[in-house]
Amino acid sequence: MTMRIFIPRDAGAVAVGADDVALAFEQAAAAAGKPIEIVRTGSRGLYWLEPMVELATPNGRVAFGPVTPGDAPSLLGVMTSDGPHALRLGITDEIAWLKRQTRLTFARCGVVDPRSVDDYRAHGGYRGLERALGLTPDQILVDVTTSGLRGRGGAGFPTGIKWRTVAQASADRKYIVCNADEGDSGTFADRMIMEGDPLVVIEGMTIAGITVGATKGYIYIRSEYPHAVTAMNTAIAAAKQAGFLGSRIGGSAHCFDLEVRVGAGAYVCGEETSLLESLEGRRGIVRAKPPLPAHKGLFGRPSVINNVLSFAAIPFILDNGAKAYADFGMGRSRGTMPIQLAGNIKYGGLFEAAFGVTLGELVDEIGGGTLTGRPVRAVQVGGPLGAYFPRDLFDTPFDYEAFAARDGLIGHGGVVVFDDSVDMAKQARFAMEFCAVESCGKCTPCRIGSTRGVETIGKIINGERVAENLAVIEDLCNTMKFGSLCALGGFTPYPVMSALKHFREDFGPAPATLQAAE
Amino acid sequence: MHMARVEKLILRARMTSPYEPWDEARGAEIISEHAGLEGATLVILHALQEAFGYVPEPAIPMVAQALNLSRAEVHGVFTFYHDFRKRPAGRHVLKLCRAEACQAAGGDALAARAEARLGIPLGNTTADERVTLEPIYCLGLCATAPSAMLDGRLVGRLDEARIDALVAEAQR
Ligand SMILES: Cc1cc2nc3c(=O)[nH]c(=O)nc-3n(C[C@H](O)[C@H](O)[C@H](O)COP(=O)(O)O)c2cc1C
Ligand code: SF4
Ligand code: FES
């Protein structure tokens with residue numbers, strides 16, 4: 001009998017050898033005369049086990065990992081006989097790290113063949129769209145709104161309200177825009193879902209299209225993600241072929257088409273209005289709001305612009321009802337968040353969980369602490385504009401408001417762990433450097449302030465007039481915070497000020513000793 | 001740039017790189033292929049760079065004309081984005097992730113090691129024009145950091161041995 005073997009094509013798995021492993025399995029099977037079928041999937045998100053290879057069995061899939069090409073012959077033997085092997089991890093769904101998650105958005109990622117509409121449908125795909133096609137736009141809007149879904153790109157704006165604004169606008173054309181710029185360090189969930197279950201993004205965008213009356217959508221993917229670009233384009237072609245994109249979607253009267261556009265290495269183009277400028281073929285200079293993109297967005301037309309994960313959450317909501325989604329979470333953060341554990345971490349990967357899990361649980365229990373085995377000293381949450389948290393704040397629950405109350409943000413859900421060798425003054429300087437390099441240049445506090453910040457923190461690191469320069473930094477951060485048009489300049493103070501506040505000792509001698517010395 | 005140098009680069013590009021040498025007719029063909037798209041500027045600049053390895057200066061006014069934009073506008077777009085090259089890169093391009101997750105996993109020391117081995121700081125090309133070493137800010141491989149990309153091939157879990165191997169491969 002032909003064995004079905006699943007090997008990820010996810011960029012993260014490929015970066016640690018998944019392509020070589022797939023080739024080794026083909027060769028080993030040919031040499032042993034065993035018929036196998038290799039399905040290239042996305043990743044399950046247990047990256048310390050990648051490349052992770054799975055075998056279909058009557059009891060469910062069995063996982064092996066981390067696999068090297070040299071393991072292929074012995075693994076094939078074990079797969080045939082169902083015998084023991086050092087790399088055998090047991091039934092995949094029973095792996096504790098996976099079992100502990102609540103996978104609503106990522107339910108199919110790593111399971112299905114991302115290029116197959118049939119496989120997608122066999123795993124519950126397109127049921128959300130099918131239900132949506134039987135509803136009025138208003139009914140869909142009620143579902144999206146009562147699900148409590150908030151934008152997963154960072155700002156946490158209620159998705160239902162955004163869609164309603166676009167639905168109510170009248171125009172000759174409207175657009176759906178998917179923000180796949182994912183520039184935050186420590187985040188990779190957009191990449192994973194685009195590579196592992198691209199059709200869920202397509203389905204979510206299609207539902208948005210029929211809800212607000214848009215017939216064209218764009219997916220703006222950063223150029224650092226060539227694998228995701230290929231995966232999305234392939235899935236778009238497959239969806240068209242199957243009648244789920246183009247005219248008469250799913251046999252209905254609706255039309256919807258999608259096109260992928262590739263960014264060109266500018267972090268600021270993740271900001272929604274900068275992204276729109278870029279899509280229109282211009283420099284990614286941030287636009288002043290109002291007008292909101294919902295009123296005047298792409299090419300001046302009303303546009304829904306959402307993060308990849310926001311769109312990817314929609315099919316579940318439409319399929320299972322708003323309540324099924326809203327039942328998860330805490331406070332005003334409803335549903336699940338695909339959290340990404342990264343940096344110096346033992347068990348790094350994608351952990352989708354209901355809001356409310358604490359930072360400490362994520363870092364210590366789920367993440368297993370640092371990979372180096374040294375103590376965790378700082379955790380940056382929410383990308384380069386997110387605050388650094390010390391261990392004292394590990395009781396903070398993953399929730400938009402709870403993080404904001406502690407001068408932080410959850411952003412796109414990236415958690416980057418640092419051990420005790422980190423120099424927080426250097427991290428603060430890097431935050432300023434990044435802002436200086438990536439600033440679109442429109443506002444002075446961001447453009448000039450960040451460069452000034454780099455110099456000033458440099459002086460502090462060199463021990464020059466530390467107290468005085470720290471005051472300059474504080475001042476500068478205030479100016480940037482209140483005088484910037486967008487969050488690049490406005491939030492860069494978060495990593496800087498949190499480093500200063502929680503890790504003061506890394507910025508030279510404390511003020512008291514300093515005064516005494518001077 | 002000095003004309004002789006340009007010619008040398010073009011010659012080199014012809015001999016060793018997967019890219020085509022600049023050719024006006026070919027440039028025009030690429031431009032017209034995409035000129036009908038909405039907001040085509042980035043798409044065209046990407047396509048030109050994919051064909052020639054950089055965006056040749058004479059292409060800028062051609063793009064402007066095809067899209068009914070001013071030269072300055074197209075030039076402004078070209079310079080705004082980090083991806084677009086004014087001149088061909090080295091034969092191999094090694095990009096090292098310098099963002100936070102990779103810093104946390106020891107990326108600083110590995111970047112310094114690559115710089116030392118190649119004898120150039122990040123953002124430069126070796127004198128023999130074999131290797132361009134560049135920083136990149138996140139490849140989305142942050143759970144298997146530190147990460148790099150050599151000519152489009154992704155490499156995660158970098159350590160000293162892996163970075164040395166990548167540098168050696170790039171120098172070949
Ligand atoms: C500098 C900057 C970078 C951003 N980068 C991204 C990004 O990469 N992806 C994203 O979805 N949102 C990003 N955002 C947020 C977007 O502006 C916007 O809020 C989001 O796309 C809206 O979608 P959502 O409501 O689904 O989150 C960024 C914002 C700023 C200020
Ligand atoms: S804050 Fe910075 S990036 Fe944002 S609009 Fe102003 S200059 Fe541009
Ligand atoms: S920070 Fe280096 S890959 Fe994301």
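- The CG atom of B:L48 lies 14.5 Å from the CZ atom of B:R85; values are rounded to the nearest 0.5 Å.
- Along residues 414-424 of chain A, the residues that come nearer than 4.5 angstrom to chain B, judged on non-hydrogen atoms, are A:V416, A:V417, A:F418 in order of number.
- Between A:I461 and A:R429 the shortest side-chain heavy-atom distance falls below 4.5 Å.
- The two atoms that bring A:V379 and A:V363 nearest to each other are CG2-CG2, 4.0 Å, heavy atoms only.
- With rounding to the nearest 0.5 Å, the separation of CD1 in A:I219 from CE in A:M232 is 3.5 Å.
- At a 4.5 Å heavy-atom cutoff, A:I345 makes no contact with chain B through either its backbone or its side chain.
- Annotation: maximal heavy-atom pairing with chain B below 4.5 Å, among A:G263, A:G383, A:G441, occurs at A:G263.
- In this structure, the portion of A:P226 lying under 4.5 Å from any heavy atom of chain B is its side chain and not its backbone.
- Of the listed residues (A:Y47, A:W48, A:W97), just one forms a ring-ring contact (aromatic ring centres under 6.0 Å, His included) with A:Y347, and that residue is A:W48.
- Contacts from residues 366-374 of chain A to chain B, taken as heavy-atom pairs separated by less than 4.5 Å, involve no residues at all.
- The most heavy-atom pairs under 4.5 Å with chain A, out of B:R162, B:E73, B:M149, B:Q103, come from B:Q103.
- To the nearest 0.5 angstrom, A:S185 atom OG is 10.5 Å from A:Q340 atom CD.
- At a threshold of 4.5 Å between non-hydrogen side-chain atoms, the residues B:Y19 and B:P88 do not count as touching.
- What you find for A:S274 and A:V286 is that their closest heavy atoms are CB-CG2, 4.0 Å.
- Note on A:G349, A:G265, A:C440: by heavy-atom pairs under 4.5 Å with chain B, the leading option is A:G265.
- Taken to the nearest 0.5 Å, the NZ atom of B:K95 stands 9.5 Å off from the CG atom of B:D151.
- Contact of A:Q380 with chain B is made through the side chain alone, with heavy-atom distances under 4.5 Å.
- Of the possible donor and acceptor atoms, none in the side chain of A:S439 sits under 3.5 Å from a partner among the backbone N and O of A:C435.
- Contact count against chain B (heavy-atom pairs under 4.5 Å) is highest for A:S278 among A:S223, A:G12, A:S278, A:G183.
- Among residues 163-172 of chain B, no residue has any heavy atom closer than 4.5 Å to a heavy atom of chain A.
- Interface check for chain B: of the options A:A264, A:G343, A:A342, A:A431, the most heavy-atom pairs under 4.5 Å are formed by A:A264.
- Pairing each heavy atom of A:N307 with each of A:L309, the nearest pair is OD1-N, 2.9 Å.
- Annotation: maximal heavy-atom pairing with chain B below 4.5 Å, among A:P384, A:C269, A:A266, occurs at A:P384.
- When all heavy atoms are compared, the tightest approach of A:V308 to A:A180 is CG2-CB, 3.5 Å.
- Remark: the A:E50 side chain and the B:T144 side chain contain no N/O donor-acceptor pair separated by less than 3.5 Å.
- Of the inter-residue distances, the one linking B:L154 atom CG with B:S147 atom OG reads 8.0 Å to the nearest 0.5 angstrom.
- A salt bridge links A:D10 to A:R191: one of the charged nitrogens lies within less than 4.0 Å of a carboxylate oxygen.
- Using a 4.5 Å cut-off between heavy atoms, B:L139 touches chain A through backbone and side chain atoms alike.
- Only the side chain of A:F434 comes within contact range of chain B, judged by heavy atoms closer than 4.5 Å.
- Between B:Y81 and B:F84, the angle of the ring planes goes over 60°, which puts this pair in the perpendicular group of the 30/60° scheme.
- Proximity to chain B (any heavy atom under 4.5 Å) is shown, for A:Y267, by neither the backbone nor the side chain.
- When each of A:A11, A:G186, A:G281 is checked for heavy-atom pairs under 4.5 Å with chain B, A:G281 comes out on top.
- Under the 3.5 Å distance criterion, with hydrogens and angles disregarded, a donor-acceptor pair is assigned to the side chains of A:D190 and A:H412.
- Under the 4.0 Å criterion applied to side-chain N and carboxylate O atoms, A:R9 and A:E195 are not assigned as salt-bridge partners.
- A distance of 7.5 Å separates CG in B:L141 from SG in B:C102, rounded to the nearest 0.5 Å.
- For A:Q427, the part lying near chain B is the side chain, with the backbone staying farther off; criterion is any non-hydrogen pair under 4.5 Å.
- A pairwise comparison of heavy atoms in A:V268 and B:F80 identifies CG1-CZ, 3.9 Å as the closest pair.
- Within residues 37-45 of chain B, the residues having any heavy atom closer than 4.5 Å to a heavy atom of chain A are B:L37, B:E38, B:G39, B:T41, B:L42, B:V43, listed by residue number.
- One finds no salt bridge joining A:E182 and A:R222 here, because no Lys/Arg side-chain nitrogen approaches an Asp/Glu carboxylate oxygen to under 4.0 Å.
- The pair A:E259-A:R261 counts as a salt bridge, with a side-chain nitrogen and a carboxylate oxygen less than 4.0 angstrom apart.
- The backbone N or O of A:F106 lies less than 3.5 Å from a partner atom in the side chain of A:E352, making a donor-acceptor pair.
- Of the atoms belonging to B:R98, it is backbone heavy atoms, and not side-chain ones, that fall under 4.5 Å from chain A.
- The two residues B:G123 and B:P135 have their closest heavy-atom pair at N-CD, 4.0 Å.
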